[in-house]
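Structure first, commentary second.
Below, chain A is the first sequence line, B the second, and so on; all start at residue 1.
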Amino acid sequence: MPELPEVETTRCGVAPYAEGYRVEKVVVRDRRLRWPVPMELDTQLPGSTIGEIQRRGKYLLFATDTGTLIVHLGMSGSLRVLTEAQQPARHDHVDIVLSNNCLLRYNDPRRFGCMLWTLGDPSEHSLLSHLGPEPLLEDFTANYLHQRSRGRKASIKTFIMDSQVVVGVGNIYANEALYRAGISPLRAAGRISLQRYELLVAAIKSVLGSAIKQGGTTLRDFVGGDGQPGYFKQQLAVYDRGGQPCRSCGRELREVRLGQRSTVYCTVCQR
DNA sequence: ATGCGGACCTGTTAGC
DNA sequence: TGCTAACAGGTCCGCA
């Protein structure tokens with residue numbers, strides 16, 4: 001679930017039910033997330049009023065009048081809004097009860113996610129301070145990628161999945177964007193021309209942008225909280241299609257592992 | 001500075 | 001059918 005579009009969908013789904021409301025109570029059932037849920041969450045969050053909820057990369061930032069709650073969904077996490085109390089289920093690790101009687105419930109089977117508390121400017125938090133630009137904003141450009149990649153021997157796929165280079169490009173979208181741009185995922189990042197980076201930046205923006213729009217579908221029944229099946233799966237050109245024909249040229253898509261991540265591409269269309 | 005591999009966990013699926 | 005191994009949408013950290 002949690003690629004950037006899902007995180008953005010979560011932000012949009014949660015915001016109307018959380019922004020402007022006071023936290024009544026925090027219930028932590030299991031502190032063992034990626035980092036232990038700090039006691040400050042229990043002691044400082046209750047009584048605080050939630051302001052704007054922002055997203056930085058795949059981190060969600062809940063500004064309050066006393067500090068900022070940082071949430072990451074890891075690989076399997078979700079944050080749902082419940083309008084009435086329901087029995088907590090397996091892996092429902094944290095509840096945040098609000099003054100409007102809504103409940104934010106954090107669930108994460110693999111516990112790769114985190115919930116942290118920080119004072120002051122959250123962008124200075126060590127998890128956020130070294131992050132690269134947002135892929136959908138103006139400052140993410142071909143020029144930027146081209147400059148940053150000079151001298152880099154790492155593959156272009158590894159390069160764009162590096163959150164210090166650009167945030168929010170996960171494995172699925174890295175595969176898809178490279179296919180759209182016609183660039184082999186194995187090519188060294190430092191040996192790609194500015195012209196081709198123009199194609200890649202456009203591809204990243206379009207792939208993420210349209211996936212966020214698809215996320216709007218899930219948005220509607222967000223509060224109902226049904227699971228979200230692969231609503232963009234049919235649009236994927238390469239991810240999860242290893243061995244199947246390229247939709248453009250018909251050649252069998254090749255699947256390799258790059259940095260322990262499954263990588264699928266067309267040897268004809270991507271160079 | 002860069003690049004690689006390991007680590008953190010559970011759930012699902014492929015293969016024997 | 002049942003057991004085991006591999007793999008999964010993330011990303012931080014430590015080491016070479």
Side-chain angles (χ1 to χ4, degrees), chain A residues 1-11 29-37 55-60 70-79 89-94 106-116 118 125-132 135 145 147-179 185-191 204 207-208 210-212 214-215 218 227-243 255-264:
Chain A
M1 292 142 224
E3 284 251 4
L4 185 143
E6 284 76 9
V7 178
E8 181 63 15
T9 301
T10 297
R11 188 184 72 78
R29 293 185 201 82
D30 195 339
R31 258 172 226 289
R32 300 172 303 160
L33 299 186
R34 172 154 202 184
W35 297 283
V37 177
R55 180 186 57 74
R56 179 73 176 98
K58 295 175 188 166
Y59 292 93
L60 288 170
I70 301 176
V71 177
H72 197 290
L73 302 177
M75 216 122 140
S76 58
S78 67
L79 191 63
R90 198 159 149 74
H91 307 307
D92 283 341
H93 304 312
V94 179
Y106 180 87
N107 178 288
D108 187 3
R110 289 178 74 179
R111 289 191 274 121
F112 279 9
C114 66
M115 287 189 119
L116 297 171
T118 188
H125 190 279
S126 60
L127 284 176
L128 306 177
S129 61
H130 300 295
L131 293 180
L145 267 195
Q147 280 191 7
R148 278 223 49 179
S149 62
R150 291 310 88 183
R152 295 287 287 264
K153 293 183 176 170
S155 72
I156 184 61
K157 177 158 177 271
T158 306
F159 184 67
I160 58 173
M161 288 180 69
D162 181 346
S163 63
Q164 304 209 16
V165 172
V166 56
V167 296
V169 182
N171 196 39
I172 293 179
Y173 297 117
N175 279 303
E176 295 300 314
L178 286 164
Y179 175 78
L186 308 179
R187 180 169 292 277
R191 309 195 58 205
I204 291 172
V207 129
L208 289 176
S210 62
I212 287 177
Q214 305 276 327
T218 353
Q228 54 266 67
Y231 46 88
F232 57 73
K233 196 140 192 178
Q234 51 276 58
Q235 308 205 1
L236 297 178
V238 287
Y239 182 81
D240 206 23
R241 293 196 67 239
E255 179 157 7
V256 298
R257 297 197 76 74
L258 209 52
Q260 296 105 262
R261 310 305 295 276
S262 94
T263 303
V264 188

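Residue contacts for A:Y173: at a heavy-atom cut-off of 4.0 Å it reaches no nucleic acid atom on any strand shown. Residue-level contact check: A:L73 touches neither bases nor backbone, having no heavy atom under 4.0 Å from any strand. Among the heavy atoms of the strands lying under 4.0 Å from A:Y59 are primed sugar atoms or P, OP1, OP2 only; no base atom is included.
Listed by chain and number, the residues in a ring-ring contact (aromatic ring centres under 6.0 Å, His included) with A:Y173 are A:F232 (sequence neighbours excluded). For A:H72, the side-chain contact (heavy atoms from CB on, under 4.5 Å) partners two or more places apart in sequence, or in a different chain, are A:K58, A:Y59, A:C114.
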Enumerate all atom pairs, one protein N or O and one N or O from nucleotides 4-7 of chain C, separated by less than 3.5 Å.
none

When you compare the protein's N or O atoms with those of nucleotides 8-10 of chain B, which come within less than 3.5 Å of each other, and at what distance?
| residue | atom | partner | partner atom | Å |
| --- | --- | --- | --- | --- |
| B:dC9 | O3' | A:R111 | NH2 | 3.0 |
| B:dC9 | O2 | A:R110 | NE | 3.0 |
| B:dT10 | OP1 | A:R111 | NH2 | 3.0 |
| B:dT10 | O4' | A:P109 | O | 3.4 |
| B:dT10 | O3' | A:H91 | NE2 | 3.3 |

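Out of B:dG3, C:dG10, C:dA8, the shortest distance to the side chain of A:R261 is found at C:dG10.
Looking at A:R111, its side chain does come within 3.5 Å of a backbone N or O of A:R32 through a donor-acceptor pair. Looking at A:S76, its side chain never comes within 3.5 Å of a backbone N or O of A:G74 through a donor-acceptor pair. With hydrogens and angles disregarded, no donor-acceptor distance shorter than 3.5 Å links the side chain of A:R191 to the backbone of A:R187.
Here A:E176 contributes atom CD and A:I204 contributes atom CD1; the two are 12.5 Å apart, rounded to the nearest 0.5 Å.
The distance between atom NE2 of A:H130 and atom C1' of B:dT2, rounded to the nearest whole Å, is 15 Å. Here C:dA8 presents its P atom at 8 Å from CE of A:M75, a figure rounded to the nearest Å. What separates CZ of A:F159 from P of B:dT2 is a distance of 9 Å, to the nearest Å.
The phosphate of C:dT11 has OP1 or OP2 within less than 4.0 Å of a side-chain N or O from A:K58. The shortest distance between the side-chain N/O atoms of A:S163 and the OP1/OP2 oxygens of C:dC12 is below 4.0 Å.
Paired runs in DNA chain C that reach 3 or more consecutive Watson-Crick or G-U pairs, where each pair keeps both distances under 3.5 Å, cover B:2-8 with C:10-16, B:10-16 with C:2-8.
Nearest-nucleotide mapping onto DNA chain B: of A:Q260 and A:G151, the residue sitting toward the 5' end is A:G151.
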Can you list, pair by pair, the side-chain donor-acceptor contacts under 3.5 Å of residues 158-172 of chain A, counting residues two or more places apart and other chains?
| residue | atom | partner | partner atom | Å |
| --- | --- | --- | --- | --- |
| A:T158 | OG1 | A:S155 | OG | 2.8 |
| A:D162 | OD1 | A:Q164 | N | 2.9 |
| A:N171 | OD1 | A:K157 | NZ | 2.7 |
| A:N171 | ND2 | A:S262 | O | 3.2 |

